Amino acid sequence: MEPIRLGSLTLYPFGLLMAPLILGALVLIAYSMKKAGLKNGTASWFAVLSIPLCFVCGHLGYCVFIVDQMIGSEDFGMLIRVREGGFLLWGALAGGLLAALLTGKITGQPTGRISDRTIVAACLLIAAGRIICGLIFKDQGTGMTLEDWFNTEWMDPEEADYTNRFSLFALENYSFFERFPFAVQNYYEEWCWAVFVPEALWACVIALITGRCRAKDGGRTTLFLILYSCGQIVLEAMLRGEVLHLPWLGFVRANQVLCAIALVAVICVCLKHLQKEERGRTALICFAQVIPATGIVVAMEFAALEKKISLIETWPADVCFLIMGLACLWMGLAVHRLWKKAYALHSGNTLVES
């Protein structure tokens, strides 16, 4: 969607739509902090710090992953040309955590206690941002075209080629899905899966789970990272539009790598909360599950849409995504068991409010 120009003033639709939502999120955070008994002024400090830090870290995070393009074109002006867009959600999340850390230092309160009160609002903001971004920008948050997904040419008995099969269900008439919220049109006016819709729904589910969670300081934040990372790994694999990759490695999706890093970071943080005699055995049990689950995810990533593994190149993409989802579930449950050891409240072992 084109910017709106009012004389010398330029207004960007995405910013116009997100600004009131950000304000609403800050109001929700202030209410949550007051309810949790945090000191007066905590929400104000967080608001003042989080807005610029999320903006700056989000843009710099994006620039880190296009550094190969900037070097190739000898154009480093992207670092300061924020009007051209380019923001990394993980960068914005890092900015929010940094704001919570600084707020904690200023107000003399635990960082985890502050960040925990921001998680629900952050999830709802992510959900809204996904929908807005997917609707006003072409090729953002979209998957494969429906025409390719439901391709039935592989069924031709004379030229049967199962490597061109992406869906387990061969539909000749898929017009039912040619509408929002199932699909949106890309730049070429082809109907593509609206992957940003399940991304938004998953963020809402995380908001519900973390909002009902009762745990030690930092528990909600780390639980959010577990849930978001495991879910986003699968959803990221479904994207086919504008996808960010690692510099000089155009086949490795940056957000999937960042999700894996976040999970490892959560494991390390959880292990620090355990007694020394518990750490070795617990870490071994956790990584013994996470590593093979990661291997399955990597295999399915290359098998689903790229068809780069000859042994399973005939598997439909939806079957590969299902297997990937189960692997992420296995991974998430393994890390969650460690999370319970580190952050569970011992009074009745209640983690969720009734």
Side-chain angles (χ1 to χ4, degrees), residues 65 89-90 130 134 139-156 159-171 174 177-178 181-184 186 188 190-203 227-246 249-263 289-334:
F65 290 101
L89 180 55
W90 275 110
R130 295 288 194 196
D139 299 327
Q140 287 285 341
T142 58
M144 181 175 283
T145 64
L146 300 189
E147 182 179 2
D148 291 336
W149 182 263
F150 292 113
N151 173 35
T152 57
E153 292 181 0
W154 59 270
M155 300 176 65
D156 187 342
E159 300 181 8
D161 185 0
Y162 281 80
T163 59
N164 294 325
R165 185 185 186 187
F166 294 101
S167 176
L168 188 63
F169 307 98
L171 299 180
Y174 46 83
F177 297 105
E178 293 180 333
F182 305 107
V184 292
N186 63 10
Y188 301 101
E190 300 169 313
W191 286 99
C192 304
W193 288 119
V195 181
F196 61 86
V197 173
E199 285 181 320
L201 292 175
W202 181 237
L227 294 170
Y228 178 79
S229 298
C230 290
Q232 193 59 36
I233 286 173
V234 182
L235 294 167
E236 186 76 19
M238 299 178 183
L239 296 176
R240 296 288 285 180
E242 295 290 335
V243 179
L244 197 62
H245 294 87
L246 293 184
L249 294 173
F251 59 93
V252 181
R253 297 173 185 250
N255 281 306
Q256 287 181 319
V257 173
L258 292 173
C259 287
I261 292 173
L263 285 174
Q289 298 176 79
V290 170
I291 291 174
T294 302
I296 294 173
V297 169
V298 173
M300 293 303 103
E301 169 68 26
F302 288 109
L305 301 178
E306 303 299 332
K307 306 292 185 180
K308 291 184 177 180
I309 302 180
S310 57
L311 289 176
I312 55 176
E313 63 183 0
T314 59
W315 289 14
D318 46 12
V319 172
C320 294
F321 289 140
L322 176 60
I323 295 172
M324 184 187 294
L326 293 174
C328 285
L329 176 61
W330 180 20
M331 191 188 311
L333 290 174

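The structure presented is a predicted model; accordingly, all values stated were derived computationally and were not measured.
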So, using side-chain hydrogen bond (donor to acceptor under 3.5 Å, both in side chains) as the criterion, who are the partners of T145 when residues are at least two apart? D148
Exercise: identify the closest heavy-atom pair between V195 and G143: CG2-N, 3.5 Å
Approximate separation, where rounding is to 0.5 Å, of N255 CG and L246 CG: 9.5 Å
With Q140 via side-chain hydrogen bond (donor to acceptor under 3.5 Å, both in side chains) - residues at least two apart: none
I'd like to check the ring-ring contact (aromatic ring centres under 6.0 Å, His included) partners of Y228; sequence neighbours left out, ordered by chain and number. W90, F224
Taking atom CD of Q256 and atom CG of L244, what is their separation to the nearest 0.5 Å? 11.5 Å
What verdict does the side chain to side chain contact (heavy atoms under 4.5 Å, CB included) test give for F302 and F251, after you've listed the backbone C-alpha separation in whole Å, the side-chain angles of each residue and the deciding distance to 0.1 Å? CA-CA 9 Å; F302 288 109; F251 59 93; 4.0 Å; yes
Hey, does the side chain of W202 reach the backbone of L227 with a donor-acceptor pair shorter than 3.5 angstrom? yes
Could you state the interatomic distance from CD (E306) to CE (M300), rounded to the nearest 0.5 Å? 13.5 Å
Sequence neighbours excluded, the answer for salt bridge (Lys or Arg N to Asp or Glu O under 4.0 Å) partners of E190 is none
Measure across H245 and G250 and return the closest heavy-atom pair with its distance rounded to 0.1 Å. CD2-O, 2.9 Å
To check you understand the geometry: which heavy-atom pair defines the closest contact between A327 and I296, and what is its length? CB-CG2, 3.7 Å
Determine, stepwise, if the pair F65 / V257 fulfils side chain to side chain contact (heavy atoms under 4.5 Å, CB included). CA-CA 12 Å; F65 290 101; V257 173; over 6 Å; no
CD1/I233 to CG/L258 distance, rounded to the nearest 0.5 angstrom? 10.5 Å
Between atom CG of L239 and atom CZ of R253, what is the distance when rounded to the nearest 0.5 Å? 6.0 Å
Those residues that, when tested against E242, pass side-chain hydrogen bond (donor to acceptor under 3.5 Å, both in side chains) (two or more places apart): none
To the nearest 0.5 angstrom, please state how far the CZ atom of R130 sits from the CD atom of E199. 4.0 Å
At their closest point, which heavy atom of G332 faces which heavy atom of C230, and how far apart are they? CA-SG, 3.5 Å
Would you say the side chain of Q232 lies within less than 4.5 Å of the side chain of L89, judging by non-hydrogen atoms? no
For the residue pair V243 and E236, what are the closest heavy atoms and their distance? CG1-OE2, 3.7 Å
Of all heavy-atom pairs between P181 and A194, which one has the smallest distance, and what is that distance? O-CB, 3.6 Å
Answer yes or no: is there a donor N or O on one side and an acceptor on the other, between the side chain of K307 and the main chain of R165, under 3.5 Å? yes
Option from L305, N186, T142 for which side chain to side chain contact (heavy atoms under 4.5 Å, CB included) with R240 holds: L305
I'd like to know whether CD of E178 has more than 12 heavy-atom contacts from other residues, nucleotides or ligands below 6.0 angstrom. yes
Which pairs with one or both residues in residues 309-326 pass side chain to side chain donor-acceptor pair (under 3.5 Å), sequence neighbours excluded? S167-D318
Tell me whether the rings of W193 and F177 are parallel (<30°), tilted (30 to 60°) or perpendicular (>60°). perpendicular
